[in-house]
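What you see is a predicted model; the values in this text were computed from it and never measured. Just so you know, these numbers use all the heavy atoms, side chains as well, and skip hydrogens, waters and symmetry mates.
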Amino acid sequence: MSKISVLVATYNNERYIGKLLKSVSDNKVDGTEIEIFIRDDCSTDSTNEKLEEFVSNNPRARIIDSAGIRLGAVGNFFRLLSESDSDYFMFCDADDFWFANKIEKTFDLMLKTEDGSDKPVLVHTDLSVADSELNIISDSLFKYEKLSPERKSLKNLLVQNNVTGCTVMINRRLKNYLTVVPEHAVMHDWWLALTAAAFGEIGVLYEPTMLYRQHG
């Protein structure tokens with residue numbers, strides 16, 4: 001049985017974290033074990049209380065102690081990655097909403113891209129852009145931001161990132177290349193994409209698997 005870890009990075013997300021975690025926990029995939037790893041980056045609102053409540057009612061979820069240390073978005077996600085020993089890893093923002101088949105569709109693409117090999121793989125999907133109340137602004141971020149995910153060579157990705165972290169799944173083989181993250185890594189998703197392009201393969205699903213919340 002394959003194990004998939006969903007890595008949730010939070011910071012002052014009291015308004016949205018409950019709905020997000022519910023949408024993640026509603027995802028089921030036959031023949032897999034799905035666990036949820038959460039690390040809060042020293043929130044000053046009631047995010048931690050909501051996380052404790054969720055974890056107390058969900059045995060598949062676990063909170064990683066921040067020890068009072070702020071890491072920022074990049075550091076928070078890679079700290080979460082280092083804590084899990086799963087076969088596959090997904091990255092999750094704390095204010096979005098996942099469709100009930102998000103993990104299943106992403107995992108299907110992962111298996112097709114791996115094709116039975118042990119190569120490093122990153123897969124990602126399109127997403128629907130929504131306002132702060134999850135009203136859809138655009139069915140496709142690729143079209144909304146005029147992104148070209150087929151441009152996935154290292155030279156393309158050095159110039160422009162077209163991988164959105166909250167849609168990403170990587171395999172353990174790719175994780176092995178991520179033991180050190182340089183301080184000049186702009187964001188976790190761009191560094192993941194560059195590493196995958198340099199040492200492995202990137203797969204793309206041209207279908208939205210979630211609502212990507214925009215603010216203000």
Side-chain angles (χ1 to χ4, degrees), residues 4-13 16-17 20-21 23-24 27 34 36-41 64 71-84 86 88-99 102-103 105-107 109-110 113 120-130 138 140-142 144-145 147-149 151-152 154 156-172 174-175 177-178 180-215:
I4 300 170
S5 286
V6 179
L7 311 177
V8 185
T10 67
Y11 178 68
N12 286 349
N13 300 113
Y16 310 113
I17 190 62
L20 176 275
L21 290 173
S23 72
V24 173
N27 273 252
I34 300 172
I36 304 171
F37 277 53
I38 311 164
R39 184 184 181 278
D40 183 71
D41 207 25
I64 306 302
L71 297 177
V74 177
N76 204 6
F77 275 116
F78 281 108
R79 173 62 189 279
L80 282 162
L81 184 62
S82 71
E83 291 285 341
S84 174
S86 290
Y88 301 95
F89 312 88
M90 301 182 74
F91 299 81
C92 180
D93 294 342
D95 58 349
D96 297 324
F97 182 87
W98 286 25
F99 298 157
K102 181 182 194 298
I103 297 179
K105 285 182 177 277
T106 308
F107 187 50
L109 176 61
M110 170 61 73
T113 308
V121 172
L122 176 152
V123 298
H124 66 113
T125 77
D126 201 354
L127 39 73
S128 294
V129 184
S138 173
S140 169
L141 181 74
F142 292 163
Y144 187 69
E145 295 196 347
L147 299 174
S148 301
R151 296 180 179 177
K152 53 187 179 179
L154 181 59
N156 293 142
L157 290 168
L158 281 168
V159 176
Q160 180 187 32
N161 181 39
N162 55 42
V163 174
T164 306
C166 52
T167 72
V168 164
M169 174 184 281
I170 66 172
N171 62 6
R172 181 193 290 273
L174 182 58
K175 180 193 174 184
Y177 285 86
L178 299 165
V180 176
V181 181
E183 61 181 70
H184 57 266
V186 177
M187 274 301 289
H188 65 288
D189 49 15
W190 201 346
W191 186 249
L192 291 168
L194 289 170
T195 306
F199 300 106
E201 185 171 345
I202 296 175
V204 186
L205 179 65
Y206 291 82
E207 178 182 339
T209 57
M210 58 174 287
L211 299 177
Y212 185 45
R213 195 190 300 263
Q214 303 296 293
H215 303 276

Where the side chain of [X] meets the backbone of [Y], is there a donor-acceptor pair that is under 3.5 Å apart?
| X | Y | result |
| --- | --- | --- |
| Asp96 | Tyr212 | no |
| Asp93 | Asp95 | no |
| Asn76 | Ala9 | no |
| Ser23 | Trp98 | yes |
| Lys175 | Ser84 | yes |
| Arg151 | Leu157 | no |

Flag the pair [X] / [Y] as yes when at least one side-chain heavy-atom distance between them is below 4.5 Å, and no otherwise.
| X | Y | answer |
| --- | --- | --- |
| Met210 | Thr167 | yes |
| Leu211 | Ser128 | yes |
| Thr125 | Lys105 | no |
| Leu80 | Phe89 | no |
| Asp189 | Phe91 | no |
| Leu21 | Ile38 | yes |
| Glu207 | Phe99 | no |
| Phe77 | Leu81 | no |

What is the minimum heavy-atom distance between [X] and [Y], and which atoms define it?
| X | Y | answer |
| --- | --- | --- |
| Thr164 | His124 | N-ND1, 4.5 Å |
| Asp40 | Asn12 | OD1-N, 4.4 Å |
| Leu147 | Asn161 | CD2-O, 4.3 Å |
| Asp126 | Ser140 | OD2-OG, 2.5 Å |
| Val181 | Val74 | CG1-CG1, 4.3 Å |

Query - Of Val121, Ile170, Ile103, Ile4, the residue whose pairing with Tyr88 passes side chain to side chain contact (heavy atoms under 4.5 Å, CB included) - result: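 Considering Val121, Ile170, Ile103, Ile4, a side chain to side chain contact (heavy atoms under 4.5 Å, CB included) with Tyr88 is found only for Ile4.
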**Report entry** Tyr177 atom OH, neighbour heavy-atom count above 12 within 6.0 Å
**Finding:** yes
**Report entry** Derivation of the side chain to side chain contact (heavy atoms under 4.5 Å, CB included) call for Leu205 and Val123
**Finding:** CA-CA 8 Å; Leu205 179 65; Val123 298; over 6 Å; no
Query raised in the report: Can you check side chain to side chain contact (heavy atoms under 4.5 Å, CB included) on Asn13 and Leu20, steps first, answer last?
Result: CA-CA 10 Å; Asn13 300 113; Leu20 176 275; over 6 Å; no
Query - Gap separating the OG atom of Ser5 from the CD atom of Glu83, nearest 0.5 angstrom - result: 10.5 Å
Query raised in the report: Which is it for Val24 and Met90 under the side chain to side chain contact (heavy atoms under 4.5 Å, CB included) test, yes or no, and what are the steps along the way?
Result: CA-CA 11 Å; Val24 173; Met90 301 182 74; over 6 Å; no
